[in-house]
K.L.:
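First the structure, which I've put down as structure tokens, then a few questions once you've had a look.
Residues: numbered from 1 along the sequence shown. Note that the structure is a prediction, hence the values are computed from the model and not measured.
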Amino acid sequence: MTNPTQDQPARSAQDTIPVGGSLRTLMAQDRMHARLVVVAGVFCVLFSAIGLKLTMATIIRPMPPQQQQIAPQVPPIPKSDPKGMIAGDVALPQVHRASIIDRTGQVLAMSLPVAQVYANPQEMIDAADAAHRLKAALPTLNEEETKRRLSLNKQFVYLARDISPAQELAINNLGIPGVYFEPGERRRYPMGRVAAQILGGVDIDDHGVAGVERYFDKRLDSDRAPLRLSVDVRVQNVVHDELQAAMDTFQAIGACAIVMDVHTGEIITMVSLPDYDANDFGRASPDSRFNRAVTGMYEPGSTFKLQTVAMALQEGVAHIWDSFSSTPIKIGRFTISDMKSDHFAPWLSLPEVMAYSSNPAAAHIALDAGAARQQDWLRGMGFFSRVPVELPEAGRPIVPSVHNWGVSTTMTVAFGHGVAEPPLSIVRGTAATANGGFLLKPTLVAAETAQDADAPSATDTPPGVPAGAERLISAANSDILRRILRLDVVKGTGQKAESPGYYVGGKTGTAEKIGPHGGYLKHVNVSAFTGIFPMNAPRYAIYVMLDSPRPTAQTHGWTTAGWNAAPTASHMITRIAPMLGLFPDTQHEAAIEASLAIPMKPAVPRGYRALGPGYDPGTAHLHEHEHEHETTAHAAHVHAARKATSTAQVPDRDLHARNTVDTLAAPHPRDRG
């Protein structure tokens, strides 16, 4: 028999679930699947957008990072500048002190970002380990000292100063707790020795302490635009090389040279030797930091005869056809004379006085003018005051008191003895004699309108001359002085200063140095040359000075300026003139020389009585002084004799003071231009 249950089909598990429950489950599953599809689609869209954005930003069109995304010490991304149009635009956003550049845009001084490393010892876990790890990042660090400092019971200690961004990153990567950084900056001078005394230096806090860094300290800290100087580094380098070569050749203990624009007063170059690397200002010796061009005071010697002649012409005291005695002048126990090797005529015309550089003749010219006129002239030309230039080191000249300005002082000052002036004052005075008679204010800042020098002027000053310049010499007298200066180079003591095609004019000057205990040192000179080029169209004044040069075989034993300073100036002019846009003109030499010519003995115009033998007011003044001196000396001698008979041997203070007045700036018999 069969089992009846075997004929019935087996029931599935689904047949055991109610119909209503099955439908609800299926609907819930469908809704869940739909939601998942929507969410997945949204995520796909988002990821696709992000991927597309990243592809655009990193591959197709990459964008530079925004400023706030860059670390404070990361410099800005440089711009392409193939033509050098922004060469002087040096201003890093992370430093506050402005750069200093030369007139062509070359960087002379700039501040670079650095960091100071400090620590909080109380946050240190292991001072010894921290010091050892810091030593690896900073090889110059003293590990033992650092360990000691990190073990102090303090909350702040400095570990290192002025580290580079790379060193900062290396220390930061060490992850030492309690080590922190403080942003800062450090002044650097990329050109090293170039214009070191002009630039000066800064202290540890980046404040100017010398040079233009000090003079423009507030401006450099408040205005981030680069400060453009008038100095041309190309010319500065050439002048430095030539001056150093001359200093080595003649074994001088010091030297200086200046080139200045005679129309704007801009100082193109100023070199003082010995010098130093501007980056080592703190370790430089006082002698190398000493700027001989503005701080050094030197007797100008015969270069001052240019001022004596300019005064005589402008004041109407003398004319070019007047003659002056070259016979030695005896005053008290001193004698004013020329060198024994000079063989002058007894009377010299004004051009001859300059060309041959006669001391007695220059003294006679000053006597004709008188002490009052001489003082007024020198005061007006700025020789009584500090030269106005943007250098705190500029010193005040050494001049006799007006109350002590006797006849002997009048005569000795006429040929550059008894006064001490900075070389820049001599350059300033020389420029005034050749630029039409305008006294300029020397400046180390580039003129903003230098490119418009040929534009018409709204005032009566010539093109290029600052509107506030004071005219002290007439145009006619300035023209005469230019001819006389050219004559000195063509036929006078400055012949070795000639540079073919540049028609140099100038004046030599040699003054014996004063010893540490007073009195002139035999055969120890300060040799100088001051000049203008080109003299047919004056553009630049040049000054060269050698301190205590020694004779060589080439100078035949001489140490005077005509043998050392003058040829040095010639070498400089030949090399720097093309850099300044001047080129030798030899094609029109005959015409140019004719326009600058002046006879050694100009003819006396009809109707004029020339100064000369039998007619020289200065000689009469000298005789009056000699008579007064003899009377005073006799009275003092009688007084001293009477006093000696009644009292003990006591020095006569009145007599000593009177002799000091009469012999102030005592003339030396061996001065030669």
K.L.:
For the side chain of Asn564 and the backbone of Thr559, is there at least one donor-acceptor N/O pair under 3.5 Å apart?
P.N.:
yes
K.L.:
In sequence, state the C-alpha distance, the side-chain angles, and the governing distance for Ser357 and Ser302, and then conclude on side-chain hydrogen bond (donor to acceptor under 3.5 Å, both in side chains).
P.N.:
CA-CA 7 Å; Ser357 196; Ser302 293; 3.1 Å; yes
K.L.:
I'd like to know if the side chain of Arg482 reaches the main chain of Met535, judged simply by a donor and an acceptor atom lying under 3.5 Å from each other, with no hydrogens or angles considered.
P.N.:
yes
K.L.:
Using modelled atom types and a 3.5 Å cut-off, is there a donor and acceptor pairing between side-chain atoms of Arg228 and backbone atoms of Ile101?
P.N.:
no
K.L.:
Would you mind checking if Glu393 and Arg292 are paired as a salt bridge, meaning a charged N to carboxylate O distance below 4.0 Å?
P.N.:
no
K.L.:
So do the side chains of Pro190 and Gln106 get within less than 4.5 Å of each other, counting heavy atoms only?
P.N.:
no
K.L.:
Tell me if the CZ atom of Arg550 is crowded by more than 12 foreign heavy atoms within 6.0 Å.
P.N.:
no
K.L.:
For Val465 and Ala469, which heavy atoms make the closest approach, and how far apart are they?
P.N.:
CG1-CB, 3.7 Å
K.L.:
Take Thr552 and Phe250 through the test side-chain contact (heavy atoms from CB on, under 4.5 Å) and record every step on the way to the result.
P.N.:
CA-CA 7 Å; Thr552 65; Phe250 301 108; 3.9 Å; yes
K.L.:
So, Glu299 side chain and Gly418 main chain: donor-acceptor pair closer than 3.5 Å or not?
P.N.:
yes
K.L.:
Using a strict cut-off of less than 4.0 Å between a Lys/Arg side-chain nitrogen and an Asp/Glu carboxylate oxygen, indicate whether Lys513 and Asp547 qualify as a salt bridge.
P.N.:
yes
K.L.:
Hey, could you give me the CG/CE distance between Asp488 and Met354, rounded to the nearest 0.5 Å?
P.N.:
6.0 Å
K.L.:
Is there a donor-acceptor pair under 3.5 Å between the side chain of Gln251 and the backbone N or O of Asp248?
P.N.:
no
K.L.:
Does the His240 side chain pair with the main chain of Leu273, one donor and one acceptor, at a distance under 3.5 Å?
P.N.:
no
K.L.:
I need the minimum non-hydrogen distance between Arg386 and Pro392, along with the two atoms involved.
P.N.:
NH2-CA, 4.2 Å
K.L.:
Is there a donor-acceptor pair closer than 3.5 Å between any side-chain N or O of Asp205 and the backbone N or O of His207?
P.N.:
no
K.L.:
Report the C-alpha distance between Phe281 and Tyr189 in whole Å, list the side-chain angles of each, state the deciding distance to 0.1 Å, and finish with yes or no for ring-ring contact (aromatic ring centres under 6.0 Å, His included).
P.N.:
CA-CA 10 Å; Phe281 175 81; Tyr189 303 92; 8.7 Å; no
K.L.:
Looking at Met381 and Ala432, what are the two nearest heavy atoms and their distance?
P.N.:
CE-CB, 3.8 Å
K.L.:
Might you work through the side-chain contact (heavy atoms from CB on, under 4.5 Å) test for Phe383 and Val399, ending with a clear yes or no?
P.N.:
CA-CA 8 Å; Phe383 291 110; Val399 296; 5.8 Å; no
K.L.:
Atom CG of Leu220 and atom CZ of Arg187: how far apart are they, to the nearest 0.5 Å?
P.N.:
6.0 Å
K.L.:
Determine the minimum heavy-atom distance between Ala431 and Ala541, stating which atoms define it.
P.N.:
CB-CB, 4.4 Å
K.L.:
Say you draw a straight line from CG of Leu472 to OG of Ser478; how long is it, rounded to the nearest 0.5 Å?
P.N.:
11.5 Å
K.L.:
Could you tell me whether the side chain of Phe181 reaches within less than 4.5 Å of the side chain of Ile171, counting heavy atoms only?
P.N.:
yes
K.L.:
State whether the number of non-hydrogen atoms from other residues, nucleotides or ligands found under 6.0 Å of Arg214 atom CZ is greater than 12.
P.N.:
no
K.L.:
Is a donor from one side chain sitting under 3.5 angstrom from an acceptor on the other, for Ser230 and Glu266?
P.N.:
no
K.L.:
So that I can tick it off, tell me whether Arg575 and Glu242 are bridged by a salt bridge, with the cut-off set at under 4.0 angstrom between side-chain N and carboxylate O.
P.N.:
yes
K.L.:
So, Arg97 and Asp217, do they make that salt bridge, N to O below 4.0 Å?
P.N.:
yes
K.L.:
Using a distance-only test with no angle check, is there a side-chain donor-acceptor pair under 3.5 angstrom linking Asp206 and His96?
P.N.:
no
K.L.:
For the atom pair OG1 (Thr586) and OH (Tyr503), what is the distance rounded to the nearest 0.5 Å?
P.N.:
6.5 Å
K.L.:
With distance as the sole criterion, is a donor-acceptor pair present between the side chains of Thr146 and Lys135 under 3.5 Å?
P.N.:
no
K.L.:
Given side-chain contact (heavy atoms from CB on, under 4.5 Å), test Gln236 with Val271 step by step and report yes or no.
P.N.:
CA-CA 7 Å; Gln236 184 85 8; Val271 179; 3.5 Å; yes
K.L.:
Would you check if there is a donor-acceptor pair between the side chains of Thr443 and Glu390 at a distance under 3.5 Å?
P.N.:
yes
K.L.:
How long is the gap from CD1 on Ile163 to CD on Gln116, to the nearest 0.5 Å?
P.N.:
8.0 Å
K.L.:
What is the minimum heavy-atom distance between Tyr276 and Ser288, and which atoms define it?
P.N.:
CD2-O, 3.4 Å
K.L.:
Measuring from Asp261:CG to Arg539:CZ, what's the distance to the nearest 0.5 Å?
P.N.:
6.0 Å
K.L.:
When you measure from the side chain of Arg486 to the backbone of Val490, do you find a donor-acceptor pair of N or O atoms at a distance under 3.5 Å?
P.N.:
no
K.L.:
Would Glu421 and Arg428 satisfy salt bridge (Lys or Arg N to Asp or Glu O under 4.0 Å), going step by step from the backbone distance to the final call?
P.N.:
CA-CA 11 Å; Glu421 298 283 343; Arg428 185 190 188 197; over 6 Å; no
K.L.:
Do we see a donor-acceptor contact under 3.5 Å between the side chains of Asn525 and Ser527?
P.N.:
no
K.L.:
Check whether any side-chain N or O of Arg234 sits under 3.5 Å from a backbone N or O of Met579 as a donor-acceptor pair, and report yes or no.
P.N.:
yes
K.L.:
Please lay out, stage by stage, how Thr430 and Lys507 fare under the test side-chain contact (heavy atoms from CB on, under 4.5 Å).
P.N.:
CA-CA 9 Å; Thr430 303; Lys507 184 72 189 75; over 6 Å; no
K.L.:
Scan side-chain atoms only and decide if Thr508 and Thr493 contain a donor-acceptor pair under the 3.5 Å cut-off.
P.N.:
yes
K.L.:
Quick one: closest heavy-atom pair of Ala577 and Phe533, and the distance?
P.N.:
CB-CE1, 4.2 Å
